[in-house]
Amino acid sequence: MSANTEDGDNTVNPVDDPTPDPTPDSETTADADQLAALFDTSPEAGLLAVLEAVRGRNPDMARSLHAVLSDPERMRALKDSGLLDDPPTHGLDETIRLTIDAVGVPHVAVNLITPEEQATAAIAFRSGTPDGPSTRTLVNSLCVLPVVSGSPLIIDDIADHALLADHPTAVSGEVTAYLGIPLADDDGHVIGTFCAWDSEPHHWSSAEVQLMSDLSILVQELIFGK
């Protein structure tokens with residue numbers, strides 16, 4: 001940051017101005033903390049802030065979101081996963097396929113969130129093969145929401161959701177029910193989600209949510225080689 005100075009002697013006396021301008025790192029931390037504080041206050045407020053950010057309606061929240069997603073430690077965890085550059089391992093692919101039968105859902109995926117987009121690292125359909133793009137913009141991503149909040153996102157019927165009924169995936173009919181579990185490394189840096197979805201309403205039972213949560217631990221182990 002820079003400050004405007006008038007002509008003449010512009011030497012600053014440390015006693016007169018004891019507070020230095022924030023460094024870029026401290027500004028980034030403050031931006032990230034602002035979004036985290038919203039989720040701590042109200043999950044709905046945090047969710048709305050992320051939606052407003054990706055839709056370009058709130059520059060302050062867009063800056064906060066970028067600070068969260070571009071955090072150097074989080075980016076290092078993304079790189080360490082190896083999934084941005086290499087195909088998924090056989091074990092990860094097999095776990096994704098088995099989840100469809102275990103949970104009873106038509107679609108399961110591991111999606112990664114970068115500062116710019118959502119990238120699908122592994123995916124399985126109950127019938128047929130995925131024919132959509134392997135990446136999508138954040139405005140078209142549901143997975144960015146549990147990544148930023150650090151908590152599961154559970155939607156039985158998106159048409160009934162006050163904030164997500166007009167989400168692009170809802171409008172297109174691609175997603176009606178969704179369950180996304182955050183995936184993190186040992187240090188807690190969330191890189192993406194282990195998610196399941198349906199184009200029809202689906203009531204996620206507590207047993208299904210627990211099973212997805214348990215399987216997400218296996219997925220994390222497969223990703224980070226624990």
Side-chain angles (χ1 to χ4, degrees), residues 32 35-36 39-40 43 46-47 50 65 68-115 117-126 130 134-136 138 141-156 158 164 169 175 177-198 202-226:
L35 195 51
F39 275 104
D40 288 342
L47 220 160
V50 175
L65 177 63
V68 171
L69 297 181
S70 62
D71 173 78
E73 295 301 321
R74 198 189 84 89
M75 295 301 295
R76 185 174 297 110
L78 262 174
K79 184 176 186 305
D80 289 346
S81 76
L83 293 175
L84 287 176
D85 303 313
D86 300 318
T89 63
H90 173 74
L92 183 57
D93 263 341
E94 189 66 15
T95 300
I96 297 299
R97 284 194 294 268
L98 291 174
T99 300
I100 286 179
D101 292 330
V103 182
V105 289
H107 314 104
V108 176
V110 169
N111 288 323
L112 307 176
I113 300 296
T114 76
E117 63 186 9
Q118 171 184 301
T120 298
I123 190 170
F125 283 16
R126 177 184 293 157
S134 61
T135 63
R136 65 177 65 201
L138 294 181
S141 169
L142 284 171
C143 290
V144 67
L145 302 172
V147 166
V148 177
S149 72
S151 301
L153 177 62
I154 304 170
I155 304 169
D156 292 345
I158 203 166
L164 296 174
T169 59
V175 177
Y178 172 91
L179 171 57
I181 309 292
L183 294 173
D185 67 0
D186 278 343
D187 295 320
H189 301 112
V190 181
I191 64 168
T193 64
F194 177 49
C195 63
W197 70 98
D198 198 332
H202 180 100
H203 172 68
W204 302 100
S205 68
S206 58
E208 289 171 334
V209 174
Q210 185 60 57
L211 181 55
M212 282 288 290
S213 298
D214 292 343
L215 288 169
S216 74
I217 296 172
L218 174 59
V219 169
Q220 288 176 161
E221 292 172 350
L222 291 168
I223 291 174
F224 292 105
K226 290 180 281 190

Colleague: Measuring from S216:OG to L222:CG, what's the distance to the nearest 0.5 Å?
Modeller: 11.5 Å
Colleague: Ignoring hydrogens and angles, tell me if any N or O in the side chain of Q118 forms a donor-acceptor pair with the backbone of S141 under 3.5 Å.
Modeller: no
Colleague: Is a side-chain donor-acceptor pair under 3.5 Å present for H203 with E208?
Modeller: no
Colleague: Could you check whether any side-chain heavy atom of R76 comes within less than 4.5 Å of a side-chain heavy atom of K79, counting everything from C-beta outward?
Modeller: no
Colleague: For V105 and D198: C-alpha separation, side-chain torsions, deciding distance, then whether side-chain contact (heavy atoms from CB on, under 4.5 Å) applies.
Modeller: CA-CA 7 Å; V105 289; D198 198 332; 5.9 Å; no
Colleague: Taking L112 as the fixed residue, which of T193, I191, I223 is the one that meets the side-chain contact (heavy atoms from CB on, under 4.5 Å) rule?
Modeller: I191
Colleague: How many angstroms lie between CG in L92 and CD in Q220, if you round to the nearest 0.5 Å?
Modeller: 11.5 Å
Colleague: Any salt bridge (Lys or Arg N to Asp or Glu O under 4.0 Å) pairs touching residues 93-106, not counting sequence neighbours?
Modeller: E94-R97
Colleague: Give the C-alpha distance, both sets of side-chain angles, the deciding distance and a yes or no for side-chain contact (heavy atoms from CB on, under 4.5 Å) between W204 and V103.
Modeller: CA-CA 10 Å; W204 302 100; V103 182; 4.3 Å; yes
Colleague: Check whether any side-chain N or O of R136 sits under 3.5 Å from a backbone N or O of E117 as a donor-acceptor pair, and report yes or no.
Modeller: no
Colleague: Looking at I100, L98, L215, T95, which one forms a side-chain contact (heavy atoms from CB on, under 4.5 Å) with V108?
Modeller: I100
Colleague: Taking atom CD1 of I181 and atom CG of L183, what is their separation to the nearest 0.5 Å?
Modeller: 8.5 Å
Colleague: Which atom pair, heavy atoms only, marks the closest approach of C195 to G180?
Modeller: CB-CA, 3.9 Å
Colleague: Please report the closest heavy-atom contact between L153 and L142, naming both atoms and the distance.
Modeller: CD2-O, 4.1 Å
Colleague: Hey, can you tell me if H107 and W197 have their rings parallel, tilted or perpendicular (30° and 60° cut-offs)?
Modeller: parallel
Colleague: Over all heavy atoms of both residues, which pair between S149 and F39 is shortest? Give the atoms and the distance, please.
Modeller: CB-CE2, 3.3 Å
Colleague: Could you tell me which non-hydrogen atom of L69 sits nearest to which non-hydrogen atom of M75, and how far apart they are?
Modeller: O-SD, 3.4 Å
Colleague: If we ignore hydrogens and angles and just use 3.5 Å, is the side chain of D185 paired with the main-chain N or O of D187 as donor and acceptor?
Modeller: yes
Colleague: Can you tell me if T120 and N111 form a side-chain donor-acceptor pair at under 3.5 Å?
Modeller: yes
Colleague: Looking only at non-hydrogen atoms, find the nearest pair between A102 and L211 and report the distance.
Modeller: O-CD2, 3.5 Å
Colleague: Quick one: CG on L145 to CG on L47, what's the gap to the nearest 0.5 Å?
Modeller: 5.0 Å
Colleague: How far does NE2 of H202 sit from CD1 of I155, to the nearest 0.5 angstrom?
Modeller: 13.0 Å
Colleague: Quick one: closest heavy-atom pair of P146 and P182, and the distance?
Modeller: O-CG, 3.6 Å
Colleague: Could you measure the distance from the CZ atom of F125 to the CD1 atom of I96? Nearest 0.5 Å is fine.
Modeller: 12.0 Å
